[in-house]
Amino acid sequence: MNLPSSQTFMLSAAVNVKKINAELKNANMTLAGSGCEPQEGIVLDTFDAAVYNSGALLIQTESDLVRLCWSGDLITQTAPESEWKFARDLPLGPVRNLLLNQSPLRAFKPAGQVTIIRDTLRLLDDEQKTCCRVESVSLSRGKNTWSWLRTCPMRGYSDNHTLICGILKKVEKPGLPAEVLKLRISDYTSKPEIRLSENAPARQSLCTIVQTFLQVTRRNEPGLIDDLDTEFLHQWRVSLRKVRSVLTLFKGVVAIETLDQLKQDFRDIMKDTNLMRDRDVYLLSRDDYFALVPPQLHPGLEVLFELLQQDRDEAFGKVKAMLKSKAYKKQIKSIQKLFENPKDLPQGPKADAPSKVFAADLVLKRYKKVCKLAGNITDKTTDETIHELRIQCKKLRYLIESAQPLFDDNQVKSLLKNLKGLQEHLGSFNDQSVQQATLAQCLDRYPGTGPNAKALAESIGALTAMLYRKQLEERRMIIENLSRFYSPDTQGAFNALFDLKRIAANPKPETGEQDKNQVESYGDKNL
């Protein structure tokens, strides 16, 4: 006989055993607990709430590290003896494995202190035989309590399991723990929803997109200044790159003088962060580098990473000073203000073009440009050309992601998946090319007569050779992925989604006539 499935219940209150037993009285059954002692615990999560957004809580007590998934599992491991910041710092265990897969790069910070009571309740019949077990976790914070219950059915007692599930369903008071316990769970996301209207003028959509990405930039500033983890700088840079790319790609929407000034502003803002991000990438790959060369060459790598860490520390000091400066604060606020009101934005000749047809035209032209460049890539192509392809693919992706709300979501996701696969190989190829150049620079910086010069040179030589081999493999993968990216099927998918004449000829019932008129007014010369 098959066991029934476990059931999970949430209560926005403590577990009221007396009330449950009153419901069980007619069945001559009782629910009994073990009277476990409460423990003090800290709820932990990342800046982007990776644990909570996965439907779980991470709680550390003096003895245990607990991951409680409110739709099912409760997973524990022994609490670390010392303070920790990243999942990789934890001792081996099931919670560490989950966190490493979920958020390997982000720091974990307290989200609130709670009192936790863990118990295993037993459903007893009139002969005191256990018919079902119920795992129980209650979290209290101030006057508020949130409880989690999961049934553990036993073979031969299916009816009893059904009975207790029915009662728990009646007493259940659903509510998510952050709301009930007033936890400080971050609402940050690096990919916020962008709401666009397909019939709005392009300048309005541009302002919405830019404002959204700039908000992401500003949200990352405090964590970047405090150097909590490397993702703050990474996402700060990505959001600004998206703004810069979209402004450039929305050609004709902003007055050329304003656009030129904005380009210069972004160059000024981002230039001091290049070295820091480059060194972060190296330091995050430390274990991979050591795995690439034999152990006898590791002493030279230790010297290399000391140099890289010194560079990184110096670069961070400059970035921190820049972010805290009055000049930066004034500059970034000025850019934000510029895009607050579309009517105040200095306009170019295409400022009033309808957003959907304008964006479709941009995407299709950019895709054709990528295809033209991709069609000339061979195993003999220079690194510089592949680097240019990477930049064009990145611009295409930013453009599609920005315009995504205007088109069929599932179709856009399918095209983006194809593009991201290609970008991963292009990015890896470029990283290995840059890394080889940086290794050569590090070698030049170290005195040839220094005590570790020979070890450093040998290690850098071996590492450079391994990176070159990996780069050749990435080149092969790029060519393989390119053939799919500009295949007839993929070209057909892009045309089916972004071809303006198709949009005009096959309008949606509710907006079709307007779409058709807008395409006609936009003019064939722009298609």
Side-chain angles (χ1 to χ4, degrees), residues 6-24 31-77 79 83-84 95 98-99 102-103 106-123 133-152 164-189 219 222:
S6 296
Q7 300 292 317
T8 305
F9 303 89
M10 290 186 289
L11 287 75
S12 303
V15 180
N16 192 329
V17 176
K18 288 184 178 180
K19 186 174 182 179
I20 295 172
N21 280 330
E23 295 283 342
L24 288 167
L31 190 65
S34 304
C36 297
E37 292 295 320
Q39 286 185 295
E40 294 305 307
I42 299 291
V43 176
L44 301 165
D45 214 331
T46 60
F47 180 62
D48 56 358
V51 178
Y52 196 81
N53 289 334
S54 71
L57 285 177
L58 179 65
I59 308 156
Q60 182 169 329
T61 68
E62 186 176 349
S63 58
D64 295 305
L65 191 61
V66 181
R67 183 184 183 275
L68 172 63
C69 178
W70 51 79
S71 64
D73 296 330
L74 175 69
I75 301 172
T76 66
Q77 71 173 68
E83 291 186 7
W84 63 282
V95 176
L98 280 168
L99 297 180
Q102 194 171 61
S103 191
R106 301 238 64 155
F108 286 81
K109 301 289 290 181
Q113 187 168 348
V114 295
T115 300
I116 177 172
I117 300 177
R118 294 172 56 195
D119 199 357
T120 300
L121 308 172
R122 294 176 298 136
L123 181 64
R133 290 186 174 85
V134 181
E135 287 184 274
S136 165
V137 178
S138 288
L139 305 175
S140 298
R141 193 162 186 255
K143 297 180 180 180
N144 302 312
T145 301
W146 178 86
S147 301
W148 171 91
L149 298 161
R150 182 177 65 179
T151 63
C152 304
I164 189 63
C165 284
I167 292 172
L168 292 177
K169 185 67 176 175
K170 287 169 66 175
V171 301
E172 185 176 32
K173 297 178 181 177
L176 293 178
E179 301 165 1
V180 176
L181 300 174
K182 312 299 181 186
L183 297 171
R184 300 185 299 274
I185 301 296
S186 171
D187 62 353
Y188 170 81
T189 174
R219 288 288 300 273

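Position 1 is the first residue of the sequence; numbering continues from there.
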Given 3.5 Å as the limit, does a donor-acceptor pair link the side chain of Trp148 with the main chain of Ser136, or not?
no
Is there side-chain contact between Lys169 and Ile167, with heavy atoms separated by less than 4.5 Å?
no
Leu149 vs Thr8 side-chain heavy atoms within contact, under 4.5 Å:
no
How long is the straight-line distance from CD of Gln77 back to CZ of Arg67, given to the nearest 0.5 Å?
12.0 Å
Check the surroundings of atom CZ in Arg133: do more than 12 heavy atoms from other residues, nucleotides or ligands lie under 6.0 Å from it?
no
Should Thr151 and Cys165 be marked as a side chain to side chain contact (heavy atoms under 4.5 Å, CB included) after you check the CA-CA gap, both sets of side-chain angles, and the distance that decides it?
CA-CA 8 Å; Thr151 63; Cys165 284; 3.9 Å; yes
Nearest-0.5 Å distance that lies between atom CZ in Arg219 and atom OG in Ser186:
5.0 Å
Determine whether the side chains of Glu40 and Thr61 contain a donor N or O and an acceptor N or O closer than 3.5 Å.
no
Which atom of Ile59 lies closest to which atom of Gly41, heavy atoms considered:
CG2-CA, 4.3 Å
What are the two closest non-hydrogen atoms of Pro177 and Leu183, and how far apart are they?
O-CD1, 4.1 Å
Test item: Leu181 and Val43 side chains (from C-beta on) under 4.5 Å apart, heavy atoms
no
Do Leu58 and Val95 touch side chain to side chain, with heavy atoms closer than 4.5 Å?
yes
Here the gap from Arg106 atom CZ to Asp45 atom CG, rounded to the nearest 0.5 Å, amounts to 11.0 Å
Trp84/Phe108 aromatic ring centres below 6.0 Å
yes
Nearest heavy-atom neighbours spanning Ser12 and Val180:
OG-CG2, 3.6 Å
Contact check, side chains of Val51 and Thr46, non-hydrogen atoms, under 4.5 Å:
no
Let me confirm one number: the CD-CD distance from Glu83 to Gln60, rounded to the nearest 0.5 Å.
9.5 Å
Under 3.5 Å: donor-acceptor pair, side chain of Arg150, backbone of Phe9:
no
Classify the side-chain pair Ser54/Gln102 by whether it contains a donor and acceptor separated by less than 3.5 Å.
yes
What are the two closest heavy atoms between Gln39 and Ser63, and how far apart are they?
NE2-OG, 3.1 Å
Are Leu57 and Leu139 close enough, and set up right, to give a side chain to side chain contact (heavy atoms under 4.5 Å, CB included), and what steps lead you there?
CA-CA 11 Å; Leu57 285 177; Leu139 305 175; 3.6 Å; yes
Take Ile20 and Leu168 through the test side chain to side chain contact (heavy atoms under 4.5 Å, CB included) and record every step on the way to the result.
CA-CA 8 Å; Ile20 295 172; Leu168 292 177; 3.8 Å; yes
Counting only N and O atoms by type, is there a donor-acceptor contact under 3.5 Å from the side chain of Tyr52 to the main-chain atoms of Ala178?
yes
Whether Asn53 side chain and Ala49 backbone form a donor-acceptor pair below 3.5 Å
yes
State, to 0.1 Å, how close Pro38 and Thr115 come at their nearest heavy-atom pair, and which atoms those are.
CB-CG2, 3.6 Å
Do Val66 and Leu74 make a side-chain contact, defined as non-hydrogen atoms from C-beta onward lying under 4.5 Å apart?
yes
In Å and rounded to the nearest 0.5 Å, what is the CG to CG distance from Leu31 to Asn21?
6.0 Å
State whether the side chain of Asp119 and the backbone N or O of Ser34 hold a donor-acceptor pair below 3.5 Å, judged by distance alone.
yes
State, to 0.1 Å, how close Lys182 and Arg141 come at their nearest heavy-atom pair, and which atoms those are.
O-NH1, 2.6 Å
Is there a side-chain contact between Ile75 and Leu98 in this structure, where contact means two heavy atoms from C-beta onward sitting under 4.5 Å apart?
yes
Residue pair Cys152 / Glu135, side-chain heavy-atom distance below 4.5 Å
yes
Interatomic distance, Gln7 atom CD to Ile164 atom CD1 [nearest 0.5 angstrom]
12.0 Å
Can Ser147 and Ser138 be counted as having a side-chain donor-acceptor contact under 3.5 angstrom?
yes
